[in-house]
Each structure stands twice: as structure tokens, then as C-alpha cells.
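Working notes for the structure below.
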Protein chains: 2
Amino acid sequence: MSSTKERILVIARELFARQGYTGTTIADIAGELGTTTAALYYHFDSKADILRGLLEQPMAVYLRILEGLREARPAAEELLGAFVDLAVESRELSVIIDRDPTILAMIDEQLPTSSEDLTKEVIIALAGPDADHAAVVRAHAAFGVVKHATLAAMAHAGPPQNGPRDGLDPADRVEILAAALRALADPGPARGQP
Amino acid sequence: MSSTKERILVIARELFARQGYTGTTIADIAGELGTTTAALYYHFDSKADILRGLLEQPMAVYLRILEGLREARPAAEELLGAFVDLAVESRELSVIIDRDPTILAMIDEQLPTSSEDLTKEVIIALAGPDADHAAVVRAHAAFGVVKHATLAAMAHAGPPQNGPRDGLDPADRVEILAAALRALADPGPARGQP
DNA sequence: GTCTATACCCGGATAGAC
DNA sequence: GTCTATCCGGGTATAGAC
């Protein structure tokens, strides 16, 4: 069940999350695996190839969310919820992906559209097509809530020996989603000076 | 006014923001500067030394915010506003600092307290000392709004040739702060089922 | 204050035996 | 499928002349 290839992926995910992609060496992975670096190259063509193996799944999920967004125009709550779940599923990866330029470039390189444009699509979906600048800012705010708070909530609940409970507490999910929606909400014109 | 040392810092800040710290080589900086790598070492002892020079100011600001937080217990709005301003002042740096483990380690290494503990202090200040778990999650949400939306708002307004206007649109600052406060607000018990 | 030249190391990757 | 041995490139940093 746990082929060597899968063990490598597990180890790499952990190390990448802890030390970053560039900060992790093939030797680190091999050491953790209990072999030499040469053995790794039997299973993967390159270091980047390992990263690709790690990114495959979450990237597919992400693209599927985008797709559904073009067809169905889901409600903001649904869309934000999908991103919370994505962040949960691939939480170690979120940490790496987010702002490592090396990885961003790699992703862009094997993506139909630039990741920047994809993000823009999400923002537009959240803010609405006829959104003014302020609405766009609020959409980014809501997105920020989802990304940041989800990781934070898991960091609190996860690491300690809470047994098999590993993901996000459902109550936290509700809390995060509510906060994101409040951030997104248009407060309307200033109250008191009509 | 623009000594070579200062020019190096400007160049480094730009390149670090664009390519990351580890992704930028001394040769990159020297090339942009118009000299050889050896010349750099007349002005700085090491690559890390350049980063330190860049981090000095914003780190001092950050620590000062923390200090004021221990003495005065500022309102959430004031505290969040201070972080918006910090993000604006050091926006290129925020991108690097945030999730490059190399840099996080370097910062921790020359900080009185671990940066993790410092963040915890901020969260407690936002959530209140008697906060329950949900309030902590909301505090992280508000923090996420500030960090994410501020960078996003500047990315929109900055790069195009908007002339000398370089920072954050005051209207955006208001919008971001309001969104963060909404995210932070306790919605109270569910409405409708008393 | 900047140059040329170079030392040195480390990380990714390969060759070929077992 | 893993080993030993090794290559190669690139990146930091230094020595010493100018």
C-alpha cells in the first residue's frame, strides 16, 4: 500500500512545508527515507518532478473549482467554502505555494492560464462582474480570511496529539466562513449622513 | 544622497520581492548595480547582511507596535491600522518575509522573542485576553484581511504609471480596516432560535 | 571603491556495478 | 531498487592588484 514512491511524496511534503522547496535538498529527503540520493532518481526524474507529484491533486481541484465557477456562478459562501476545503486538503502545500516565486513560476509554466489571471477570476466571481473598486478590495479581504484563518485554525488544532482528528474543526469552518462573508459584505453608504 | 550602499539596498529589495531571497543571487544584484560581485563585499559582509539591512527598519516598527500593545491596550481598529501601515511601508518585504522559511529563521535568530510568540501576542490583543477559541479564529481572520487585502490593493494601484502616488489609497485603507473589523466582530448567538 | 581571478562548497544529477 | 563514485554547474565569498 505504501510504495516507495508514495513514501517519498509524504516525506517531501513534510520537508517542503517545514523548510520550503528551495530550502530542502534531495539529500534531506533521501536521509529521511533511509537511502542515498541516487535511489530517489529511480522513482522521480528530478526534484521538480517530486513537487509536481505533490501539486497534481490540489491543482486539479483548484481548476475544477474555477470551472464550476464559469458555468454555475455559485454563491459567495459556496465558493469561499470550496477554498477553505482546498486549503485543508493541501495545507502543507498552501504554505509553500503561496509565495515561493520558484514554485509560482513552475505552476504557471504548466497551467493553461497564468495563476494570476485565475486569481483574478475568483476575485471577480466574489465581487460580482459589475463591482466597483471597493468591492474588489472586499473580495480580496474575504479571500485573505479564508487563506489565513484556515491555516491558523489548523495550526492550533492539529499539531497536538488530538488523535486521528486531523483536519479543520467543523465549528471553525463555520466561523471562518462567516467572518469571510462579513468581510465581503458591502456595508452600504455611511450611516447618519444621508 | 544615494550612496552605493543605499543603491544596493534598493536593488536588493526589488529583486528579493520579485524572485525571493534564495532565488536572487549576488550576481543578480551586482549586475543590476553595474559592478562585479566582489564590489558588493566591500559594502556588505554577506548576502544575509544585505537582508538584515533591509529588515532593520520594519522590524523596529513591528517591535514598537508590540511594545505599545503591552502598555496601552489599543483598540482593535488602531492596532489593525498600524499593521496596514506597516504592510504599506514595507510591502516588498512583506512578500518575502511572510513564508520564506530561510528568512523566518534568520529573523527569529536575532529577535528577543520568537516571531511565532509575537504573532500570538497580536492575536491575543485582537481577541481579548478572555477570548474563547472562536474569537481567536476571528482574530486570525482580521489579521488575514489586513495582510492580504493591503498587498492586493497596492498591487492594483501601484505598478501602473500612476505617477508619484505610490502607497495605499486612503479610501482603500478605510475599506480594508472596515472589512477587518467586520471579520473580527462577534456575530453573537444564532439569530432566530432563542 | 572596484577590478580579475579563483577558491570552495554544495546541490542536483548521472554512470554503472550489484 | 539501491549502492558507490563522480561530474557538473552555480553560488558565496576571498585574495590581492589597481
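Just the heavy atoms: all of them, side chains too, but no hydrogens, waters or symmetry mates, feed the values below. From a predicted model like this one, the values you see are computed outputs, not experimental measurements.
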Looking only at heavy atoms, which two atoms of [X] and [Y] are closest? And how far apart?
X      : Y      : answer
B:Y62  : B:T119 : OH-N, 3.9 Å
A:T37  : A:A27  : CG2-CA, 3.7 Å
A:H148 : B:H140 : CD2-O, 3.2 Å

Nearest-Å distance for atom pair [atom1]/[atom2], residues [X] and [N]:
X     : N      : atom1 : atom2 : value
A:D45 : C:dA13 : CG    : P     : 9 Å
B:I26 : D:dG11 : CD1   : C1'   : 9 Å
A:Q19 : C:dG11 : CD    : C1'   : 14 Å
A:L40 : C:dG11 : CG    : P     : 14 Å
B:I50 : D:dA13 : CD1   : P     : 9 Å
B:I8  : C:dT2  : CD1   : C1'   : 11 Å
A:R7  : D:dT2  : CZ    : C1'   : 13 Å
A:I29 : C:dA13 : CD1   : P     : 11 Å

Of the listed nucleotides C:dG12, D:dT2, C:dG1, the one nearest the side chain of B:H43
C:dG1

Among C:dG11, D:dA13, C:dT2, which is the nearest nucleotide to the side chain of B:K47?
D:dA13

Does the pair B:K120/B:E116 count as a salt bridge with the N-to-O cut at 4.0 Å?
no

May I ask you to say whether A:E121 pairs ionically with A:R70, meaning some side-chain N is under 4.0 Å from a carboxylate O?
yes

Please check if any side-chain donor atom of A:D169 sits under 3.5 Å from a side-chain acceptor atom of B:H133, or the reverse.
no

With a 4.0 Å cut-off on heavy atoms, is B:T22 in touch with a base, just the backbone sugar-phosphate, or nothing at all?
nothing

Donor-acceptor contact present, side-chain A:E89 to main-chain A:L86, <3.5 Å:
no

Using nucleotides 3-7 of chain D, report all nitrogen or oxygen pairs with the protein that are shorter than 3.5 Å.
unit_1, atom_1, unit_2, atom_2, d
D:dC3, OP2, A:T36, N, 2.8
D:dC3, OP2, A:T36, OG1, 2.9

Has A:Y41 got a side-chain N or O lying under 4.0 Å from the OP1 or OP2 atom of C:dA13?
yes

